[in-house]
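Before any comments, here is the structure.
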Amino acid sequence: MRCLYCACDTTVTHSLEKVDRYLDALENELSLVTDSIGRGRLVNQLHVGGGTPNHLNEPQLARLVEIIERYFCIAPDACTSIECNPRRSSAGQLELLYGLGFRRISFGYKI
């Protein structure tokens, strides 16, 4: 299915449990990958996008960053960005994203 906002292929869900299972699977995959390449590798650039990451609720966004930081070392001066749907953004969410270390936010636009 195509996202009507960004035109990416996506799965639409409002199920918190499905998103939590996705985060579980992501953590498992990062564990497998870093078992091969080594944990704690330095990341100088992090871009979280596709599927409108700000669809995740605040605890899920925090968990996403915790998972990434568990397996990689984000450089203090890393370029960190996230794609957001402005219709799902709030001042509180933007403050959370800043607190989680994101310094660039891309607000796409509907063509």
Side-chain angles (χ1 to χ4, degrees):
M1 163 183 288
R2 288 261 185 219
C3 174
L4 298 176
Y5 175 70
C6 67
C8 292
D9 288 322
T10 188
T11 300
V12 177
T13 185
H14 297 285
S15 166
L16 296 177
E17 293 81 21
K18 285 185 180 180
V19 175
D20 287 331
R21 285 196 311 267
Y22 170 80
L23 291 172
D24 292 341
L26 176 66
E27 183 166 15
N28 185 55
E29 184 160 346
L30 288 181
S31 176
L32 292 170
V33 167
T34 56
D35 283 349
S36 294
I37 67 170
R39 289 193 182 186
R41 291 180 65 126
L42 186 64
V43 172
N44 291 306
Q45 186 176 56
L46 174 67
H47 175 74
V48 178
T52 312
N54 72 321
H55 178 74
L56 279 64
N57 63 29
E58 291 186 1
Q60 290 168 333
L61 285 166
R63 181 175 173 215
L64 173 64
V65 172
E66 289 169 6
I67 290 168
I68 294 168
E69 290 177 339
R70 186 173 300 127
Y71 295 96
F72 297 96
C73 178
I74 309 299
D77 61 344
C79 177
T80 52
S81 64
I82 188 168
E83 291 181 20
C84 289
N85 180 340
R87 294 176 290 196
R88 290 201 47 89
S89 296
S90 67
Q93 186 184 63
L94 297 177
E95 288 175 15
L96 172 71
L97 292 171
Y98 185 83
L100 292 173
F102 292 100
R103 296 300 179 256
R104 299 179 78 172
I105 297 178
S106 172
F107 291 108
Y109 60 92
K110 189 174 178 180
I111 299 173

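Position 1 is the first residue of the sequence; numbering continues from there. Note: hydrogens, waters and symmetry copies are ignored here, and every other heavy atom, side chains too, is used.
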### Query
After noting the C-alpha distance and the side-chain angles of Leu23 and Leu56, does the key distance pass the side chain to side chain contact (heavy atoms under 4.5 Å, CB included) rule?
CA-CA 10 Å; Leu23 291 172; Leu56 279 64; 4.3 Å; yes

### Message
Check whether Gln93 reaches the backbone of Asn54 with its side chain - one donor and one acceptor, N or O, closer than 3.5 Å.
### Response
yes

### Leu46, Ile37, Leu42 screened by side-chain contact (heavy atoms from CB on, under 4.5 Å) with Phe72, the one that passes
Ile37

### Message
What's the separation between atom CG in Asn85 and atom OG in Ser106, rounded to the nearest 0.5 Å?
### Response
11.0 Å

### Message
Applying side chain to side chain contact (heavy atoms under 4.5 Å, CB included) to Arg39 and Ser31, what does each step give before you reach the verdict?
### Response
CA-CA 8 Å; Arg39 289 193 182 186; Ser31 176; 3.3 Å; yes

### Donor-acceptor pair between Gln60 and His55 side chains, under 3.5 angstrom
no

### Task
Indicate, with yes or no, if Val48 and Tyr98 share a hydrophobic cluster defined by side-chain heavy-atom contacts under 4.5 Å among Ile, Leu, Val, Met, Phe, Trp and Tyr.
no

### Query
Is there a donor-acceptor contact under 3.5 Å from the side chain of Thr80 to the main chain of Gly101?
yes

### Message
Please check if the number of heavy atoms outside Arg41 that lie under 6.0 Å from its CZ is greater than 12.
### Response
no

### Task
With rounding to the nearest 0.5 Å, note down the distance linking CG in Leu96 to CG in Asn57.
10.0 Å

### Query
Yes or no on salt bridge (charged side-chain N to carboxylate O under 4.0 Å, His left out) for Arg63 and Asp24, after CA distance, side-chain angles and deciding distance?
CA-CA 10 Å; Arg63 181 175 173 215; Asp24 292 341; 2.4 Å; yes

### Evaluation steps, side chain to side chain contact (heavy atoms under 4.5 Å, CB included), between Leu64 and Leu26
CA-CA 9 Å; Leu64 173 64; Leu26 176 66; 3.5 Å; yes

### CZ on Phe102 to CD1 on Ile82, rounded to 0.5 Å
4.0 Å

### Task
Under the side chain to side chain contact (heavy atoms under 4.5 Å, CB included) rule, what do Cys84 and Leu97 come out as? Steps first, then yes or no, please.
CA-CA 10 Å; Cys84 289; Leu97 292 171; 3.8 Å; yes

### Query
Which atom names give the shortest non-hydrogen contact between Ser89 and Phe107, and what distance separates them?
OG-CE2, 3.5 Å

## Note on the structure
The reported gap from CG in Leu100 to CD1 in Ile68 (rounded to nearest 0.5 angstrom) is 10.0 Å

### Task
Taking the side chain as every heavy atom from C-beta outward, state whether His47 and Glu83 have any pair of such atoms under 4.5 Å apart.
yes

## Note on the structure
All heavy atoms of Leu61 vs all of Pro53, minimum pair found to be CD2-O, 3.5 Å

